[in-house]
Amino acid sequence: MNTTSTVRKVAIVGYNRIPFARANTAYAEVGNQQMMTAALNGLIDKYNLQGKLLGEVAGGAVIKHTYDNNLIRECVMKTALDPATPACDLQQACDTGIESAIYIANKIALGQIDSGIAGGVDSISDMPIAVSEKLRKILLNARKAKSVGEKIKLFLQLRPKDLSPLVPKNEESQTGLSMGGHTEITAKHYQISREDQDNLALKSHLNMAKAYDEGFFDDMITPFNGLDKDNNLRKDSTIEKLAKLNPAFDKVNGTLTAGNSTPLTDGASCILLASEEWAKENNLPILAYITFAEIAAIEYVKNQQNLLLAPLFAASRMLDKAGLTLQDFDYYEIHEAFAAQVLATLKIWESPELSAQLGLKKTLGAIDRNKLNVKGSSLAAAHPFAATGGRIIGVMAKLLNEKGSGRGFISICAAGGQGVTMIIEK
């Protein structure tokens, strides 16, 4: 598969996203194609890619309509890129954006392509609605019916309950529990307090609010549909306000709330990757390099507290391959699906006993929490499933580029007991 004699370095040379919006707000009347196309067009305009033939564009959506079956290629065709640029859809729940980056990065490293875009998009507002299985079968049979009478006879079999629409469920099919339901179990299992969760959520909002005020996101976001910043961000958030919120999943004994959990969200993001040679030829900056990545999965049906803990295994394997310790980083970006999930991860890293119980070969140790999610993360920006990876990679690349050197650690958990980690270096 190699077309070069050596593995090439993979540079992050650009990033862009649209503001993230809570479901059924600013993007209630648009869908995946419109959002992803807007994010891509913003990237194209920013880096003068009009008419460029790229190696490939990869990305996807966790939730999409059947007419979005070739989503990324359809979006590419609506941009100013050379229409000969190929594209493909990938999907790995909340890991979709970062897994797309790994896909493009590997092709660049192997010399199969010189440049590519990785991204992701999700619209909860434009969620597909299905029909009942009985209605579906009757509709299919009606298409084959040879007479009006046969069709009428089929439709007379329907009952009112058969006409009820089916909305995709936000739950794990293996357990019937929502992601929040699983994380509530995680919080109880690892004794993560409500106060600690609320404090982490507050820090995320305050860090992101400060970053906006300082102009950090000015060149990272393309305004879209009347929105120029993430509308989940609460600049006026306080620990007192967060403490007043009722539990969202376990109504009686729960600690997870709407304040320390990410809401359902719409949004899109993308990053531009290239070989060093292509970046130089096109007068584009090398912000940072993707150097290592690892994907992992974990059993979570019997051990329901495990659902979002797979990145622990990915991190351990990745650090071994890189010859690094968890402390060898200038910045850490841990996706804040829930504050409890982040805090459980940190607690396990710090505890030899908990690490051993989970099956990790060694304890990775504590990190400097002042280096964690320094520009805010998913609890503030919110979480359009497939778009989160691109947002996080973009933030990390900009942090390292502004610093001028350094190393960044990324961790993203996902549904299905999966997770991915990445190292970015400058």
Side-chain angles (χ1 to χ4, degrees), residues 10-18 20 32-33 35-44 47 49 54-64 68-76 79 81 85-110 112-123 220 267-275 287-297 311 314 318 333 335 378 383-397 410-416 418-424:
V10 179
I12 303 169
V13 298
Y15 42 66
N16 192 60
R17 68 179 178 95
I18 60 173
F20 292 172
N32 286 331
Q33 285 195 30
M35 291 192 295
M36 191 72 242
T37 301
L40 289 170
N41 276 329
L43 186 79
I44 292 163
Y47 300 101
L49 302 177
L54 301 186
E56 191 168 5
V57 180
V62 177
I63 299 174
K64 60 183 183 180
D68 279 339
N69 66 317
N70 204 14
L71 173 63
I72 303 302
R73 174 60 179 163
E74 292 296 327
C75 293
V76 167
T79 71
L81 287 175
T85 299
C88 76
D89 282 22
L90 300 175
Q91 199 265 71
Q92 196 178 64
C94 307
D95 289 342
T96 298
I98 193 168
E99 185 70 359
S100 298
I102 295 169
Y103 170 88
I104 293 293
N106 283 338
K107 285 197 169 188
I108 292 170
L110 293 174
Q112 296 173 355
I113 61 175
D114 294 316
S115 61
I117 296 173
V121 59
D122 261 299
S123 173
M220 304 191 77
S269 69
C270 52
I271 59 169
L272 177 61
L273 303 177
S275 66
L287 306 173
Y289 297 95
I290 295 175
T291 55
F292 289 89
E294 189 80 21
I295 188 76
M318 181 181 71
E333 283 286 330
H335 163 46
S378 305
H383 174 41
F385 306 127
T388 288
R391 178 189 66 77
I392 287 178
I393 292 173
V395 167
M396 183 63 80
I410 290 173
S411 172
I412 299 179
C413 59
Q418 300 191 96
V420 63
T421 55
M422 178 180 282
I423 295 173
I424 296 179

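No experiment lies behind these values; they were computed from the predicted model shown. Residues take their numbers from the sequence shown, with the count starting at 1.
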Test side-chain contact (heavy atoms from CB on, under 4.5 Å) applied to Ile117 and Leu273, step by step: CA-CA 6 Å; Ile117 296 173; Leu273 303 177; over 6 Å; no
Derivation and outcome, side-chain contact (heavy atoms from CB on, under 4.5 Å), residues Met422 and Ile412: CA-CA 9 Å; Met422 178 180 282; Ile412 299 179; over 6 Å; no
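Asn70 CG to Gln33 CD: the interatomic distance, rounded to the nearest 0.5 Å, is 9.5 Å. Asp68 CG to Asn32 CG: the interatomic distance, rounded to the nearest 0.5 Å, is 5.0 Å. Separation of atoms CD1 (Ile392) and CD (Glu333) is listed at 5.5 Å; rounding is to 0.5 Å. One finds the CD atom of Gln92 at 9.0 Å from the OG atom of Ser100 (value rounded to the nearest 0.5 Å).
Contact check for Ile63 versus Phe385: side-chain heavy atoms found under the 4.5 Å cut-off. Side-chain atoms of Cys270 and Met36, non-hydrogen and from C-beta on, do get closer than 4.5 Å to each other. Looking at heavy atoms from C-beta onward, Leu43 lies in side-chain contact with Leu272 at the 4.5 angstrom threshold.
Between Tyr15 and Tyr47, the two ring planes are perpendicular [angle over 60°; tilted spans 30° to 60°].
Ser275 and Ile108 make their closest contact through N-CG2, 3.6 Å (heavy atoms, listed as atom of the first residue, atom of the second, distance). The minimum heavy-atom distance linking Ala39 with Ile18 is given by the pair N-CG2, 4.0 Å. The shortest heavy-atom contact between Gly419 and Ala314 is O-CB, 4.2 Å. In plain terms, the two heavy atoms of Leu287 and Gly14 that are nearest each other are CD1-N, 4.0 Å. Across every non-hydrogen atom of Leu81 and Leu54, the tightest pair is CD2-CD1, 3.9 Å. In terms of heavy atoms, Ala118 sits closest to Ile104 at CB-CG1, 4.2 Å.
Between the side chain of Thr96 and the backbone N or O of Ala61 there is no donor-acceptor pair closer than 3.5 Å. Without hydrogens or angle criteria, Arg391 side chain to Ala268 main chain gives no donor-acceptor distance under 3.5 Å.
For Thr291, the side-chain hydrogen bond (donor to acceptor under 3.5 Å, both in side chains) criterion is met by Glu425, not counting sequence neighbours.
Contacts classified as salt bridge (Lys or Arg N to Asp or Glu O under 4.0 Å) and involving residues 86-108 (residues at least two apart or in different chains) are given here: Glu56-Lys107, Lys64-Asp89.
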